[in-house]
2 protein chains.
Amino acid sequence: MKITINDVAKAAGVSKATVSRVLSNSERISDDTKRKVNDVIKNMGYIPNATARNLAKNSTKTIGIVIPMDAGSYFYNDFYIKLMQGISSLAQKKGYYIMYAFGNDKDEDKVIKDLCSKGVVDGIIMLKTEQDDKTINYLADRKFPFVVIGKPLEDNNVLWVDNDNFKIAYDLVCELIKNGHKKICFIGAQEKWMVYQERIKGYKKALEDNNIQYDTNLVYCGEEFSDETGLAGIKEVLSKSDPTAVIAIDDLVAVGINKYFNMNSIRDKALIGFNNTMLANYQAPSISSVEIYGDKLGYYAAELLVNHLEKIDDASNYKIIDSKIIYRQTYNSIIKRQ
Amino acid sequence: MKITINDVAKAAGVSKATVSRVLSNSERISDDTKRKVNDVIKNMGYIPNATARNLAKNSTKTIGIVIPMDAGSYFYNDFYIKLMQGISSLAQKKGYYIMYAFGNDKDEDKVIKDLCSKGVVDGIIMLKTEQDDKTINYLADRKFPFVVIGKPLEDNNVLWVDNDNFKIAYDLVCELIKNGHKKICFIGAQEKWMVYQERIKGYKKALEDNNIQYDTNLVYCGEEFSDETGLAGIKEVLSKSDPTAVIAIDDLVAVGINKYFNMNSIRDKALIGFNNTMLANYQAPSISSVEIYGDKLGYYAAELLVNHLEKIDDASNYKIIDSKIIYRQTYNSIIKRQ
DNA sequence: TTGAAAGCGCTAACAG
DNA sequence: CTGTTAGCGCTTTCAA
């Protein structure tokens, strides 16, 4: 039989209100009774029922996350898992539970609406980096607490976390230039996405600041984040120019480029991808990449949300996560390829 | 202001019991009032409060999953995501929510205990394939509903789903033999794990049934599921024997073997991994692998659990998931390697 | 500092 | 078929 707060109260010879106070560590309670009640609790192995507490407090202490499952995001498994880890880490620290749901293309907002209207979660983290503002608006309108991963187009008090994609690209290009590279190729995809736009901006600015002329022949932007994009991109660029270093917007794209280099025994070009997936690490040669710390993104997204839920004032409504270049074999220009 | 069942009752001119009945689609209610109440519900935009319902029904309609985060499982991201997708798919169909938590090495059982004692979930799915029976016993003792992914050592009414690792290996070896292979190498890891034991059994049986002598020189079992294991394993096997086909217990192990083949320009050996991860697909040459359908494992695990929760009699307490060989470049013995 | 009592929003006997 | 009435287990005024 389940043991409730009443059982404890009876056994301890106090009212259940007192037990409740002990549970929530209320100030206004004598050390004596506190000790007494805690003993009983321990002895009986009493565990408060979360549902009842939730109902009484009108909060669930749980965070909802919606994992996008649109075509292609299959490739971001690594990233999503890392996000989830980060979220989980903060949640455990703060005593929150996490609910997840996969949003299929069509019913993604249905899932979100369900989650936030049925009172099963206190707030939501949207894992989608390229969020449609429809959902953001929906949540904002209802004043439902949420944070997005990926800077939203209009930052009007929306809570968000993101890398500074401009700076990431800027720093990377500067670093390459410092290492003697002058003709640096950039192969991207999804022109409309912020990730692309910010990174290409950083790329351009870095060239400018180093007095290197921007050359459209060195830039390619394909459709999908895929190895085919990499293959097609590098092929096209090489037909018009001769870079010494290549930046790919994603490791998968970099894999395509790497393949092309291998097939054509091109061994004098540096290659750097983004997102530091397993894929990059286990290629031959191993592909350098930029780690964007998905776990941190998740952790701070959760922190932003929880602070908001608990009315703790954050200095700001967003958080920028750092990044790091992971140097592997392809970082050098002269690579021993099979 | 939030609108409750009382508001609806008042507006519809009925009792809240009636509204509740309409909500749960009770039989014993006239079509007239049903329509009337539903209209009001729609008009007012009423959404029942899940927490209150949970408390009243003493069930939460949510499934808990614990994702193992011990060292090394990093490499199974793909697999876990697929499991989660499958679970999510069934859950959405049946109207269940899903709660997840990462179990760090030390506090994994703490997480589980918390989940099942606080009444936040109705049942648990354990994603750990090689489960410690400690946790299983704990849950079984408390009669807390759960299912494990991966056949437990002792199948005493525990609910579980798994691939038939014996059969997978058996079929694969038979297939290779049918294709003319006679010297088939098996490179595994984690000797104590069921996965290894079952597959090696299947391997042996297939040889036996095809009148091929089992040769210990063709078998290697390393420590970790890693590319190093693959490298070390194939090196050792090749020093003693000369297989025409190599089976690796995991894609990551296969990657190591592939690397060795590439480095040494070995192009006359077939290579097949397990788990069909992205890793295998994007190697050069692309590595053949056995798809084990993580999503199905998750889906049926959830189905088993939900049926149990809803007292729907399943024919059996477990479910075997099929598998499929994914043929890629390394399936052929003569491979064009870079 | 503690207790009594009124909910939180919904479900489920039990009557009618 | 529908309403009344207890709860579900906990929190939180309001008094004492």
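In what follows, every heavy atom counts, from backbone to side chain, and hydrogens, waters and symmetry copies are set aside. It should be emphasised that the depicted structure is a prediction, and the values quoted were computed from it without experimental measurement. Naming: A, B, ... by sequence-line order, numbering from 1 per chain.
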inquiry  = In the structure I gave you, are the side-chain heavy atoms of R142(B) and S117(B) within less than 4.5 Å of one another anywhere?
reply    = yes
request  = Output the distance between atom OG1 (T60(A)) and atom CG (L55(A)), rounded to the nearest 0.5 Å.
outcome  = 12.0 Å
task = Using atom CD1 of I5(A) as one end and atom P of dA4(C) as the other, report the distance to the nearest whole Å.
result = 14 Å
key: Between P of dG7(D) and NZ of K2(A), the distance in whole Å   = 19 Å
task = With side-chain contact (heavy atoms from CB on, under 4.5 Å) as the test, would you mind laying out the steps for D31(A) and R35(A) before giving the verdict?
result = CA-CA 6 Å; D31(A) 282 356; R35(A) 210 169 300 128; 3.8 Å; yes
query = In whole Å, what is the span from the NZ atom of K10(A) to the P atom of dA4(C)?
reply = 12 Å
Y97(A)-D114(B) side chain donor-acceptor pair, cut-off 3.5 Å = yes
message = Using a strict heavy-atom distance below 4.0 Å, which residues from residues 113-121 of chain B are in contact with DNA chain D?
response = none
key: Interatomic distance where CG belongs to N49(B) and C1' belongs to dG9(C) [whole Å]   = 6 Å
task = Between dC10(C), dT11(C), dC10(D), spot the one nearest the side chain of S20(B), thanks.
result = dT11(C)
request  = Determine whether I321(B) and I292(B) make a side-chain contact, defined as any pair of heavy atoms from C-beta on separated by less than 4.5 Å.
outcome  = no
ask   = How many Å lie between CG on N6(A) and P on dA5(C), as a whole number?
value = 14 Å
message = Using the rule side chain to side chain contact (heavy atoms under 4.5 Å, CB included), only one of D122(A), I112(A), V121(A) pairs with F144(A); which is it?
response = V121(A)
ask   = Do Y299(B) and K319(B) have side-chain atoms, one donor and one acceptor, less than 3.5 Å apart?
value = no
inquiry  = I need the I67(A) CD1 to I65(A) CD1 distance, nearest 0.5 Å.
reply    = 4.5 Å
task = Side-chain contact test, heavy atoms from C-beta onward, threshold under 4.5 Å: evaluate it for N163(B) versus Y293(B) and give yes or no.
result = no
All N/O pairs under 3.5 Å across the protein-nucleotides 2-6 of chain D interface:
unit_1: dT2(D); atom_1: OP1; unit_2: S30(B); atom_2: OG; d: 3.1
unit_1: dT2(D); atom_1: OP1; unit_2: T33(B); atom_2: OG1; d: 3.1
unit_1: dT2(D); atom_1: OP2; unit_2: S30(B); atom_2: N; d: 2.9
unit_1: dT2(D); atom_1: OP2; unit_2: T33(B); atom_2: OG1; d: 2.7
unit_1: dG3(D); atom_1: OP2; unit_2: S15(B); atom_2: N; d: 3.0
unit_1: dG3(D); atom_1: OP2; unit_2: S15(B); atom_2: OG; d: 3.3
unit_1: dG3(D); atom_1: OP2; unit_2: T18(B); atom_2: OG1; d: 2.3
unit_1: dG3(D); atom_1: N7; unit_2: R21(B); atom_2: NH1; d: 3.3
unit_1: dG3(D); atom_1: O6; unit_2: R21(B); atom_2: NH2; d: 2.3

query = Can K61(B) and E310(B) be counted as an ion pair, charged N to O under 4.0 angstrom?
reply = yes
query = Which ones in residues 52-64 of chain B lie close to DNA chain C, meaning a heavy atom under 4.0 Å from one of its atoms?
reply = A52(B), R53(B), A56(B), K57(B)
task = Any chance you could measure S30(A), atom OG, to K36(A), atom NZ, to the nearest 0.5 Å?
result = 7.5 Å
